[in-house]
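Have a look at the structure below, then the notes.
Residue numbering restarts at 1 for every chain, and letters A, B, ... go by the order of the sequence lines. Note that the structure is predicted; figures quoted are calculated from it, not measured.
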Number of protein chains: 2
Amino acid sequence: MLNSKTMDTNQKQNKEKEILTAAENEFLTKGYDGARTTSIAKAAGVTHAMLHYYFRTKEQLFERIVDEKFRLMAESTLAALGDSSLPMKERIRTGVANHFDFVASNPLLPLFVINEIVSRPERYAFLHERAKTIIDTVYRGLQADIDRAAERGEMVQINAKMLFMSIMSLNIFTFIAYPFMKPLMGDLMANDERFLAERKAENIETIMKRIEI
Amino acid sequence: MLNSKTMDTNQKQNKEKEILTAAENEFLTKGYDGARTTSIAKAAGVTHAMLHYYFRTKEQLFERIVDEKFRLMAESTLAALGDSSLPMKERIRTGVANHFDFVASNPLLPLFVINEIVSRPERYAFLHERAKTIIDTVYRGLQADIDRAAERGEMVQINAKMLFMSIMSLNIFTFIAYPFMKPLMGDLMANDERFLAERKAENIETIMKRIEI
DNA sequence: TTTTGTATTAACAGAATTGTTAAACAACTT
DNA sequence: AAGTTGTTTAACAATTCTGTTAATACAAAA
């Protein structure tokens with residue numbers, strides 16, 4: 001049995017956490033404008049005054065969610081770069097697979113991030129500065145590795161950024177367009193698990209054939 | 001010089017049209033929830049009462065836009081199927097190219113439609129019924145054509161729907177992620193026109209290599 | 001036991017937004 | 001010119017939503 005102090009702390013953390021969970025769900029599915037603090041509070045099982053007590057404003061609550069989601073998005077994006085210790089073709093193959101899995105476990109993430117950036121570009125300008133320098137160095141290395149592999153005749157010469165965009169396109173669009181495609185594709189998408197496995201294989205195949213000599 | 005009757009009619013049509021134009025812009029960039037009827041009215045140069053006079057409610061104004069955009073989306077999607085009178089490889093190549101061009105001329109369209117369907121799926125259930133029968137017949141034909149081309153050794157055997165999804169992914173994601181990618185990709189995307197030409201070529205290449213034996 | 005800080009509720013305030021209405025107005029018809 | 005019709009404006013009504021506050025409960029610390 002927990003003592004009262006611990007229980008209190010837990011209960012507080014639970015309320016805060018439940019608000020955050022409810023907020024995540026609301027913001028990811030409805031966006032900032034569509035989300036309602038009253039609706040979040042209700043889903044979390046607290047009065048809306050409590051929500052303001054813990055997070056002050058809708059804006060601040062939203063930023064808590066945004067921060068985490070942008071971090072996750074960056075993480076998943078890096079997964080697409082693959083493990084530089086592997087031979088190039090393996091690196092790309094596992095990069096595509098890992099990225100697909102990452103997006104599959106966070107299917108609402110890309111649309112949320114994209115919508116956020118489309119609707120308030122100014123707000124994220126600072127992120128670009130930071131991200132760009134990272135990306136520039138990572139890509140220089142990746143491009144050099146690709147160039148060497150191409151010289152060795154292991155794969156075709158290709159622009160690393162273009163290849164990267166193709167991987168992102170194939171993997172992310174699968175989940176962004178899911179609600180749009182699912183009712184149209186009938187049997188192909190009837191069994192979710194099977195479809196995702198097939199789609200993953202298809203995306204890998206598409207990328208691998210792109211880099212094949 | 002126009003007579004007064006014509007001028008009136010034109011002015012009315014202009015006001016209505018200007019509201020529609022402003023509404024399209026507002027809804028496509030901010031979504032239904034983020035859009036403000038007052039802001040639309042202001043952009044159209046009319047009082048907000050006028051907007052209600054012409055379109056009654058925000059909802060009805062929105063539906064005017066949605067109807068047109070869904071129609072356009074269907075049209076652009078069909079473009080990806082290509083011209084069935086062409087030999088298979090040419091059909092696919094021009095299908096990808098035409099679809100890319102279509103999306104390029106309506107860059108905000110896919111994200112708008114996807115967001116709409118994600119946020120209010122019930123509302124568009126009826127569309128699916130209609131679309132699904134069309135798609136089923138079109139695909140049966142397309143798949144048969146692909147199968148025949150594959151038997152003749154012109155291309156690999158591939159699931160038509162999977163190929164179609166890849167084309168949509170590569171072309172649409174280019175524009176959906178544009179604001180997200182542009183600040184990160186530096187020189188590659190610095191010149192819009194050039195980047196789009198390169199991206200189009202890359203998408204075509206990716207699809208063509210996918211179907212090559 | 002008193003004090004102190006935190007958690008919670010209910011009621012309310014303020015702002016923004018959508019939508020309505022009555023009256024003025026303009027143009028056309030007869 | 002009078003009436004008819006459709007357009008426009010300004011003011012207002014109603015609602016919804018965010019955020020605040022005052023009162024209260026309650027547990028821990030002193």
Side-chain angles (χ1 to χ4, degrees), chain A residues 1-66 116 119-120 123, chain B residues 1-66 116 119-120 123:
Chain A
M1 181 76 176
L2 299 165
N3 67 35
S4 58
K5 175 166 184 181
T6 322
M7 284 208 39
D8 271 4
T9 308
N10 281 353
Q11 297 222 337
K12 183 193 161 176
Q13 286 180 345
N14 281 345
K15 294 230 162 159
E16 230 182 284
K17 191 131 197 238
E18 278 186 67
I19 294 173
L20 279 171
T21 305
E24 176 177 324
N25 196 53
E26 179 95 354
F27 284 131
L28 284 196
T29 54
K30 304 189 185 169
Y32 182 82
D33 292 315
R36 297 288 168 250
T37 55
T38 49
S39 157
I40 293 170
K42 199 173 168 187
V46 302
T47 64
H48 87 274
M50 283 303 294
L51 182 148
H52 287 290
Y53 175 70
Y54 281 118
F55 298 97
R56 198 71 183 170
T57 66
K58 178 183 182 180
E59 190 78 17
Q60 280 181 45
L61 176 56
F62 183 67
E63 290 200 351
R64 280 283 288 269
I65 307 296
V66 162
E116 231 351 72
S119 61
R120 322 185 191 188
R123 197 169 170 170
Chain B
M1 182 75 177
L2 299 165
N3 67 34
S4 59
K5 174 165 185 182
T6 321
M7 283 207 42
D8 271 3
T9 307
N10 280 353
Q11 297 224 334
K12 182 192 163 176
Q13 287 180 341
N14 280 345
K15 294 230 160 158
E16 228 181 287
K17 193 130 198 239
E18 278 186 68
I19 294 173
L20 279 171
T21 305
E24 175 177 325
N25 195 53
E26 179 95 355
F27 284 131
L28 284 196
T29 53
K30 303 188 187 170
Y32 181 81
D33 293 315
R36 297 287 169 250
T37 55
T38 49
S39 157
I40 294 170
K42 200 173 168 188
V46 302
T47 65
H48 87 275
M50 284 302 295
L51 180 148
H52 288 290
Y53 174 72
Y54 280 118
F55 298 97
R56 199 72 184 170
T57 65
K58 178 184 181 180
E59 191 77 17
Q60 281 180 45
L61 176 56
F62 183 66
E63 290 200 351
R64 279 283 290 269
I65 307 296
V66 163
E116 226 358 66
S119 61
R120 324 186 189 188
R123 198 169 172 170

Q. For Phe55(A), what residues pass the ring-ring contact (aromatic ring centres under 6.0 Å, His included) criterion, not counting sequence neighbours?
A. none
Q | Aromatic ring pairing Phe62(A)/Tyr32(A), orientation class (parallel under 30°, perpendicular over 60°, tilted between) | A | perpendicular
Q. Taking atom P of dG19(C) as reference, at what distance in whole Å does atom CD1 of Ile40(B) sit?
A. 11 Å
Could you go over nucleotides 16-18 of chain D and give all protein N or O partners under 3.5 Å, atom names and distances?
residue	atom	partner	partner atom	Å
dC17(D)	OP1	Arg36(A)	NE	3.0
dC17(D)	O5'	Arg36(A)	NE	3.4
dT18(D)	OP1	Thr37(A)	N	3.2
dT18(D)	OP1	Lys58(A)	NZ	3.4
dT18(D)	OP2	Thr37(A)	N	3.2
dT18(D)	OP2	Thr37(A)	OG1	2.5
dT18(D)	O5'	Thr37(A)	OG1	3.4

Indicate every side-chain donor-acceptor pair of residues 39-51 of chain A with a distance under 3.5 Å to a residue at least two apart or in another chain.
residue	atom	partner	partner atom	Å
Ser39(A)	OG	Glu26(A)	OE1	3.0
Ser39(A)	OG	Glu26(A)	OE2	3.2
Thr47(A)	OG1	Met50(A)	N	3.4

Q: Mind calculating the distance between CG (Leu51(B)) and C1' (dT9(D)) to the nearest angstrom?
A: 15 Å
**Q.** Nucleotide nearest Met50(B) when distance is taken to its side chain, options dA10(C), dT8(D), dT8(C)
**A.** dT8(D)
Q. So does Thr47(B) get a side-chain nitrogen or oxygen closer than 4.0 Å to the phosphate oxygens (OP1/OP2) of dT9(D)?
A. yes
Q. Any side-chain N or O of Tyr54(A) less than 4.0 Å from the OP1 or OP2 oxygen of dT8(C)?
A. yes
Q.
To the nearest 0.5 Å, what is the distance between CD on Glu59(A) and CD on Glu63(A)?
A. 5.5 Å
Q. To the nearest 0.5 Å, what is the distance between CD1 (Ile19(B)) and CZ (Arg64(B))?
A. 10.5 Å
Q: From the options dT9(D), dT7(D), dA7(C), select the nucleotide whose nearest atom is closest to the side chain of Ala49(B).
A: dT9(D)
Q) Can you tell me how far P of dA23(C) sits from OH of Tyr53(B), to the nearest Å? A) 17 Å
Q) Rounded to the nearest Å, what distance is computed from the NZ atom of residue Lys15(B) to the C1' atom of nucleotide dT8(D)? A) 7 Å
Q | Side-chain donor/acceptor of Lys58(A) to backbone N/O of Ala35(A), under 3.5 Å | A | yes
